[in-house]
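Every number for a ligand or one of its atoms is a count from 1 in the order of the listing. One-based numbering along the sequence shown.
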Amino acid sequence: MALLETISSPDDLKRLPAEQLDALAEEIREFLVAEVSRSGGHLGPNLGVVELTIAMHRVFDSPSDTLVFDTGHQSYVHKLLTGRQDFSGLRTRGGISGYPSRGESEHDVVENSHASTSLSWAEGIAKGYRLRGEERHAVAVIGDGALTGGMAWEALNNIAADKDLPLVIVVNDNERSYAPTIGGLADHLAMLRTNRQYEQVLDWGKDKLTRTPVVGRTAYQAFHSMKKGAKDFWAPQGMFEDLGIKYLGPVDGHDEEAVEQALRRAKAFGGPVMVHCITQKGRGYEHAVNDLADQFHGIGKINPETGLPLEIAGRSWTDEFSDEMVALGAARQDVVAITAAMMMPVGLQPFADAYPERIFDVGIAEQHATTMAAGLAFAGMHPVVAIYATFLNRAFDQLLMDCAMHRAGVTFVLDRSGVTGPDGASHHGMWDLALATLVPGVAVAAPRDGAGIRRALHEAVDIDDGPSIVRFPKGSVAEPVQAVAEYEGLDVLAGDVADDVDVLLVSVGAMAETARTAAEKLSAEGRTCLVIDPRWVLPVPDALVALAARAGTVAVLEDGNVAAGVGAEVARVCTEAGVATPVLRMGLPKEFIQHASRGQVLDAAGLTPDAVVERIRERG
Ligand SMILES: Cc1ncc(C[n+]2csc(CCOP(=O)(O)OP(=O)(O)O)c2C)c(N)n1
Ligand SMILES: CC(=O)[C@@H](O)[C@H](O)COP(=O)(O)O
Ligand SMILES: [Mg+2]
């Protein structure tokens, strides 16, 4: 790492002789493979942006010029070039974040890992600099996947109309989100990519004509303008230029010099320019390049020599959903499934393989997925929209106004709900329960184990007069938690509903073991407890309110935002029912929770048996 160690800032990078850049890129790739193999993380995406990021930092002057990384999972190289080369704690508590982090560096701006926001950020930044009279560029790096998101097109529509905006859009086109990117845009980018001869002709002209003095350069410009005409002849005009945005490319995103040249042209252009870079996810590491599933988009700890995982994950919550969806597909011909560019991560690949005509991958477009689902329901189907819980945030209006207001029988399966951990604040699925409490007519199930998922899924698709949600966390599925009894639709996990108890513990989803263990500790102190799992946590069941009326205290444990989740709703409903029993809400704080392990976050939030017991003791 002789060269990489000499780089502690973009200025150091600019001082490096151009002939050493290939060696630097090689060192960066070695570093990424070694470090990310050890920690896990987004290896494939970052191997694909080595030359592109080097070129950006050599052409632009961060932080005076502002670099925005869409989604941010591909910002490891940017971090290496801006003074952060200790990746030993990558994505762990106290270690470097896997996304840009303002707390880490003045070179980092957008921490949000939700895709398709970079162009909006960049347009606002560029407009702001111009209004302040500052000669500064905004540069957005957006992947071909993120470019399928609706926000990106809202931004492009505005950017195209602002002809002197100092904004450069770097499209990092590696033809993949996780899987190959889908849709008309992907096809258009492919058409532009195949116009490689267009650029080769241009390169030929540049090489020949710019070697001669002034005449040559003028001729080159003339040639370029003719070529544009030629390009019309060769291929339909790129939609970006039709939109009004100058398009440069396609450029080989692994040819650092070519990318630098394109970026310098873009920087000098004086208006919005799109530089279309063709890259390869996993570049330089055969195990990533050859990984058909997602080219090592996001990996756990692996053996760098073999690329094989060092940790064998147990059966996951996702596996339980995935298998039951296939069974459901056989039983219900009206059931269709929708993914937002995450077919495998959400577990829909087996369903897609079994029922290829009943699966829709809409790209990174959760808003479209949600309203399209309302359309499918109107047409007599029962859609299952499988997305990560945190991404439902983006589709809240569509859930509310298209699904719920029209009482559409749509089922949302929210994976990665609650605490996810290493992906940090914008990836925790901790807002879904709170959002759902605001939606009239929505039913929410929070299974506590695999059997619970399977049962809830079948119950959900039987709901055809409104949206239903089945939510579960990331990782290995919980051991089965058997109910000791059933009471008016509620599962009793401990205690006897006949008794009036000191404490009614209401467990939401994966909190079951925590609740049961806390009850055992409380009972050992002589407090009588009843532990229930409503399974369907919203709307709040009447039977739960009735049990609350007979308890000394109610404690609601949930893996969600405590400010407005199930606990808050239980308190509201109990109050409206005239039940005066105090309700203790135990959940995640209304904060942006930084990256750490799930256990560390739950511990810090007081969602452990001892902390629950202590909270109840304090109540008296
Ligand atoms: C709104 C939203 N939906 C889904 C995701 C999950 N996600 C993270 S990266 C990714 C693929 C991004 O593809 P692309 O933009 O092409 O970047 P690449 O990984 O290819 O560099 C997806 C779907 C997300 N971050 N945000
Ligand atoms: C960046 C992004 O949104 C995803 O790649 C995310 O990191 C996936 O996390 P999981 O590992 O939970 O699938
Ligand atoms: Mg991509």
ask   = Passes side chain to side chain donor-acceptor pair (under 3.5 Å), Thr390 versus His428? Steps please.
value = CA-CA 6 Å; Thr390 189; His428 295 302; over 6 Å; no

The angle formed at the Mg ion (ligand 3) by OD1 of Asp144 and OD1 of Asn174 is about (to 10 degrees) 80°

For the pair Arg598 and Asp559, find out whether any cationic side-chain nitrogen is under 4.0 Å from an anionic carboxylate oxygen. yes

- Under 3.5 Å, is there a donor-acceptor pair between the side chain of Ser322 and the main chain of Gly347? yes

Compute the minimum heavy-atom distance from His427 to ligand 2 and say whether it is under 4.0 Å. yes

Within 4.0 Å of some non-hydrogen atom of Asn172, the atoms of ligand 1 are 21 (O)

closest protein heavy atom to atom 9 (S) of ligand 1 is His297 CE1, 3.3 Å

- Message: Tell me whether ligand 1 is touched by Arg176 - counting only heavy atoms on the residue side and a distance under 4.0 Å.
- Response: yes

- Using distance alone, with no hydrogens and no angle criterion, decide if Thr318 and Asp415 have a side-chain donor and acceptor under 3.5 Å apart. yes

Under 4.0 Å between heavy atoms, the region of Ile142 that gets near ligand 1 turns out to be neither

Of His114, Gln295, His73, the residue with the heavy atom nearest atom 19 (O) of ligand 1 is His73

* Asked: Counting backbone and side-chain atoms alike, does Asn172 have an N/O/S atom under 2.8 Å from the Mg ion (ligand 3)?
  -> no

Practice item. Ignoring hydrogens and angles, state whether a donor on the side chain of Asn112 or Thr117 is under 3.5 Å from an acceptor on the partner side chain. Key: no

task: Would you please determine whether Met342 falls within less than 4.0 Å of ligand 2 on a heavy-atom basis?
output: no

heavy-atom search around atom 8 (C) of ligand 1 in the protein gives Thr71 CG2, 3.9 Å

For this session: Check the side chains of Glu154 and Asn158 for a donor-acceptor pair under 3.5 angstrom, ignoring hydrogens and angles.
Result: no

Within 4.0 Å of some non-hydrogen atom of Arg416, the atoms of ligand 2 are 10 (P), 12 (O), 13 (O)

Q) Is the backbone of Glu324 close enough, under 3.5 Å, to the side chain of Arg454 for a donor and an acceptor to pair up by distance? A) no

Exercise for the section: Decide if atom CD of Glu311 counts as having more than 12 heavy atoms of other residues, nucleotides or ligands within a radius under 6.0 Å. Expected result: yes

- request: Return yes when at least one N/O/S atom of Arg176 is nearer than 2.8 Å to the Mg ion (ligand 3), and no when none is.
  value: yes

Report yes or no: do Thr71 and Ser113 form a side-chain donor-acceptor pair below 3.5 Å? no

Near Ala146 (heavy-atom distance under 4.0 Å), the atoms of ligand 1 are 14 (P), 15 (O)

query = Between the side chains of Ser105 and Thr82, is a donor N or O closer than 3.5 angstrom to an acceptor N or O?
reply = no

the protein heavy atom lying closest to atom 26 (N) of ligand 1 turns out to be Ala115 N, 2.9 Å

The atoms of ligand 1 lying under 4.0 Å from a heavy atom of Tyr178, numbered in the order shown, are 7 (N), 10 (C), 22 (C), 23 (C)

Query raised in the report: Between Phe296 and His287, does the ring centre distance come in under 6.0 Å?
Result: no

Atoms of ligand 2 under 4.0 Å from any heavy atom of Lys474, numbered from 1 in the order shown, are 10 (P), 11 (O), 12 (O)

Under 4.0 Å from one or more heavy atoms of Asp144, ligand 1 contributes atoms 16 (O)

Pair His78, His107: side-chain N/O donor-acceptor within cut-off below 3.5 Å:
no

Any heavy atom of Asn174 under 4.0 Å from ligand 1? The part involved is side chain

The atoms of ligand 1 lying under 4.0 Å from a heavy atom of Arg394, numbered in the order shown, are 1 (C)

Numbered in order shown, the ligand 1 atoms found under 4.0 Å of a heavy atom of Lys281 are 18 (P), 19 (O), 20 (O)

Note: ligand 2 atoms sitting under 4.0 Å from heavy atoms of Tyr178 are 4 (C), 5 (O), 6 (C), 8 (C)

Notebook entry, point to check: Looking only at side chains, do Thr181 and Asp144 share a donor and an acceptor under 3.5 Å apart?
Noted result: yes

- Message: When you compare the side chains of His427 and Thr420, does any donor N or O come within less than 3.5 Å of an acceptor on the partner?
- Response: no

_I'd like to know whether ligand 2 has Thr420 as a neighbour, heavy-atom separation below 4.0 Å._
no

Residue, atom and distance of the protein heavy atom nearest atom 25 (N) of ligand 1 read Ser113 O, 2.8 Å

Just by modelled atom types, is the His137 backbone N or O under 3.5 Å from a matching donor or acceptor in the Asp65 side chain? yes

Atom 13 (O) of ligand 2 sits nearest the protein heavy atom Tyr388 OH, 2.6 Å

Per-atom filter on ligand 1: closer than 4.0 angstrom to a heavy atom of Gly143 are 14 (P), 15 (O), 16 (O)

The protein heavy atom nearest to atom 13 (O) of ligand 1 is Ser177 CA, 3.4 Å

- Query: Can an N or O of His297 be found at a distance shorter than 3.5 Å from an N or O of ligand 2?
  - Reply: yes

Side-chain donor-acceptor contact under 3.5 Å, His276 with Tyr247: yes

Atom 14 (P) of ligand 1: closest protein heavy atom, distance to 0.1 Å, is Gly145 N, 3.5 Å

Within the distance-only criterion (no hydrogens, no angle test), does the side chain of Ser120 pair as donor or acceptor with the backbone N or O of Ala155 below 3.5 angstrom? no

Ligand 1 atoms nearer than 4.0 angstrom to some heavy atom of Met342 are 4 (C), 6 (C), 23 (C)

Atom 24 (C) of ligand 1 has as its nearest protein heavy atom Phe391 CZ, 3.2 Å

Between Arg29 and Glu26, does the salt bridge (charged side-chain N to carboxylate O under 4.0 Å, His left out) criterion hold? Intermediate values first, please.
CA-CA 5 Å; Arg29 285 196 165 87; Glu26 185 59 36; 5.8 Å; no

Closest to atom 3 (N) of ligand 1 among protein heavy atoms sits Glu366 OE2, 2.7 Å

### Message
Below 3.5 Å, N or O to N or O, backbone or side chain included: is there any such pair between His42 and ligand 2?
### Response
yes

Exercise for the section: Examine Glu175 and say whether one of its N/O/S atoms is closer to the Mg ion (ligand 3) than 2.8 Å. Expected result: no

